[in-house]
Amino acid sequence: MTAATVIRFVRTRREATVLAMLILVFLGLTFASEFFLTGRNLSNVARQISVVGIVALGQALVIIAGGIDLSVGSVIGLSAVTGAIVSATTGMPSLGIVGAIGIGMAIGFTNGVLITKLRINPFITTLGTLSIARGAALLITNGNPQRFDNWAAFLGYGKIGGLPVQFILLVALTILVWLFATRTRWGRNVYAVGDNARAARLAGIDVAKTRILVFTVSGSLAGLGGLLLGGMLTNANPNLGLGYELDVIAAVILGGVALAGGRGSIGGVVIGAALIGLLRNAFVLLNVSGYWQTITIGLVVILAVGADSLNRRTEED
Amino acid sequence: MTDCLLSARGIAKSFDQNRVLHGVDFDISAGQVVALLGENGAGKSTFVNILSGALPRDAGTIVWNGAETVFRDTRSALDAGIIHIHQELSLISSLSVMENLFIGDYRTGRSGVIDRKSLAAKARELLARVGAAHIDPRVEAGSLSTAEQQIVEIAKALARNARLLILDEPTASLTPHEAEALFAIVRDLRAHGVAIIFISHRFDEVFAISDRVVVLRDGRVVGDRPVSQTTRAGIIADMTGRAFTFDALDKPAISAGAPVRLKAEAIADKGRVGPISFALRKGEILGIFGLVGAGRTELLELLCGIRPLAAGRITRPDGIVPVNSTQAWQSGLALLPEGRKTNGILPSLSLAENVAVARRQKQGAILDLGGEKSLFARFRDSLGIVSEGPQQPVRRLSGGNQQKVIFARCLASEPEILFLDEPTHGVDVRTKADIYRQVQDLAKKGMSVIFVSSELPEVLALASTVMVLSRGRQTMLAANDRLTENDVLTAAFAQA
Ligand SMILES: Nc1ncnc2c1ncn2[C@@H]1O[C@H](COP(=O)(O)OP(=O)(O)OP(=O)(O)O)[C@@H](O)[C@H]1O
Ligand SMILES: [Mg+2]
């Protein structure tokens, strides 16, 4: 790689801009806080990144296919309480896991079917299910947090070989989704559909099935996210994951996925999630008010995407 | 030159490392029609994009109207009177035809409100001028066929006061009839002192309307002569860099006993096309001709299951009659649709993927990426696709090369019946000959082909059977052994 190609890479790939930001924040924190590089804090950061990252993997597929899934935050809440209730009533934690992921999968599938069969716009559809899933979570719990058994704490706080369980899950899922997106027919169809749905259909791609698939994956991963987040708090609050969709979408966009569909890399999405997680951690360590967190994340998204589109304005059209 | 309206000197342009224009010199005076010719990827569109401010140049000067000028964007070029109709259609499909016609230039009353009535009246006037009075200015532009959209683009140019009109392959989807209407307009504009740059791969048109012919090869001007001093062979030699002869095509003979692959009995959709009947045999090449709006595209869509059948019956030996495009490809059909930008290319995906996409759907879940690369290499060589490599996004190719990629996609799926809607849209002469030869070779090996073309010579050269449509009705179905252009045209204008 010559210097020119490196510069070109940085200029034309949003992931690269974000990776640079990530490194800056990391270095900054290392100097600004003595707690940052402690094992305990790094594990916390890893957990934080993991949930955003896992849910963002599904969201990325949806956005690459030209859609958007606003319901993930509510699905997190609903699946957490579903998991807690199922395992408490049956006494079987494994059923709790199935229940949590299953409810997410069901909502994702429903989103996909509504969008493709009834042709309701994805934004509207998932705005609807965002409301419905949250309402359902509140309804079945009467608004009360549900206790999680010990097994959930393993997902939330457990470690395997010194690494948080969630982080291992993130790595494994990233590799899986990456392989799916780059090496399988269905994965590439996701890109084709987002790039030009009409042409994709006329080239023999089953566009409806592809769309249903990505929403189902997104719902399932959000279900898993709910389980992990609930496990971290050792109780399942029906309001869990409120507003989470914004972090997730921000991570996807920071990762270089085009909101118009057709373009984006899975690796980039994890970088985006890492930046969001790190920023959230920074505010805690530096003791900055939570309000500033929200503002800063908004600014970072605008900054990264703005720099990126300035860079490639000449290139697009 | 002092009487030049526009004079470009040493125009150079690169995309990344790829030098596309190497110092192009070009002059045009008021009231002159200059044909700009060259093979696919020679740099024609890139050059005119620079003239109209759509692309920045790397080097060179442009003198416009006696003063050195830099058009930073299309807006400033437009204000100076440079109107550019792009190779790829650029109407906004969700807006009505009339909104498209006057976009950015709505005549509003004092209140600032658009007066839709007078807008519609003006739009009708313009459409009538381009011979398209049948288009309702209030319908959405997206609902028009590609050729109709092309005509609206031309009308849109007339809505403004042009001093230099750039037409990048305006006739590629027009039949001779509509093209003739366009030429009448071009001659009229020329008489009013408008300068016109005309890009085309159809030589007859070039000889019919241009005053001068400029030939580009690999981004350099290799010929610049008055049209009276050029010949077809001379231009082709300039374009390709060598003398070039066309092998005469020999149409495959179809034995009467060849099995029928597809049979249509009085098929029709809801109102646009039908009833139509024919039987397509193994190895047969059925060419469909008709004027714009005759229902040719609609017929292909009916046959491929994209448009619902309202009446009649389609039968195939295996009994499978597809009801959507996915099933169509699965069952051994392949369709090259009209309108490569909207219906054909997957713009950000790589060339290799664009070629492999349809074939993949018939294969396993895990992709053979290496195999796809060599698949692309095969078609790159046989069709002469000019590119930087299999990973290049297809939107970066020249229009004609994009067309070849979609053609390759169809062949790569190894279909039993190949449907082609304007297969050579925007393709240069040499490649056209290559495409014809490949289609014939495949037909000899047993593939059946149904193709639609606006180019009558193409239909007569390639088809073993010719069908003509006129306003949705079938006015001719005949073996192509003694057919003349006249027979076909008569049928195309017939009132069925
Ligand atoms: N945006 C782009 N990025 C990179 N390369 C490009 C881009 N646009 C055009 N090219 C390259 O520039 C060369 C010239 O393209 P151009 O579109 O000017 O050809 P053309 O003469 O108009 O061909 P055609 O007859 O096919 O329309 C081609 O090799 C093409 O691949
Ligand atoms: Mg061109």
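Protein chains get the first letters and strands the later ones, always in sequence-line order, with residue 1 at the start of each.
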Next item on the list: Inspect the surroundings of NZ in Lys362(B) and state if more than 12 heavy atoms from other residues, nucleotides or ligands are less than 6.0 Å away.
Entry: yes

Note to self: Are more than 12 heavy atoms, taken from residues, nucleotides or ligands other than Phe123(A), located less than 6.0 Å from that residue's CZ atom?
What the structure shows: no

Checklist line | Part of Leu349(B) lying under 4.5 Å from any heavy atom of chain A | finding: both

Margin query: Is it the case that over 12 heavy atoms from other parts of the model lie below 6.0 angstrom from the CZ atom of Phe71(B)?
Written below: yes

Check: Out of Ser348(B), Ala334(B), Ala358(B), Gly339(B), which one racks up the most heavy-atom pairs below 4.5 Å with chain A?
Finding: Ser348(B)

Notebook entry, point to check: Side chain, backbone, both or neither: which part of Gln330(B) has a non-hydrogen atom closer than 4.5 Å to chain A?
Noted result: neither

Notebook entry, point to check: Can you say whether Lys341(B) sits under 4.5 Å from chain A via the side chain, the backbone, both, or neither, judging by heavy atoms?
Noted result: backbone

Item checked: Option in Ala203(A), Gly194(A), Ala192(A) with maximal non-hydrogen atom pairs under 4.5 Å from chain B -> Ala203(A)

Note to self: Under a 3.5 Å distance rule, please check whether Ser325(B) uses its side chain to pair with a backbone N or O of Arg201(A) as donor and acceptor.
What the structure shows: yes

Item checked: Polar side-chain atom of Trp329(B) near backbone of Ile205(A) as donor-acceptor pair, under 3.5 Å -> no

Checklist line | Closest non-hydrogen atom pair, Ala199(A) against Leu346(B) | finding: CB-CD2, 4.1 Å

Next item on the list: Compare all side-chain heavy atoms of Arg185(A) with those of Leu367(B) and state whether any distance is below 4.5 angstrom.
Entry: yes

Notebook entry, point to check: Given that the side chain runs from C-beta out, which part of Arg409(B) has a heavy atom under 4.5 Å from chain A: side chain, backbone, both or neither?
Noted result: side chain

Notebook entry, point to check: Say you draw a straight line from CG of Leu369(B) to CZ of Arg188(A); how long is it, rounded to the nearest 0.5 Å?
Noted result: 8.5 Å

Margin query: Which atoms of Ala328(B) are under 4.5 Å from chain A, going by heavy atoms: the side chain, the backbone, both sets, or neither?
Written below: neither

Checklist line | Thr326(B) and Asp206(A): side chain donor to acceptor below 3.5 Å | finding: no

Item checked: Under 4.5 Å from any heavy atom of chain A - which part of Leu333(B) -> neither

Check: Between Gly204(A) and Gln361(B), which heavy-atom pair has the shortest distance, and what is it?
Finding: O-CG, 3.8 Å

Checklist line | Contact origin within Ile366(B) toward chain A - heavy atom pairs under 4.5 Å | finding: both

Notebook entry, point to check: Is there a donor-acceptor pair under 3.5 Å between the side chain of Asn196(A) and the backbone N or O of Thr342(B)?
Noted result: yes

Checklist line | Heavy-atom contact with chain A under 4.5 Å, split by part of Pro337(B) | finding: side chain

Checklist line | Over all atoms of both residues, closest heavy-atom pair of Leu335(B) and Leu202(A) | finding: CD2-CD2, 4.3 Å

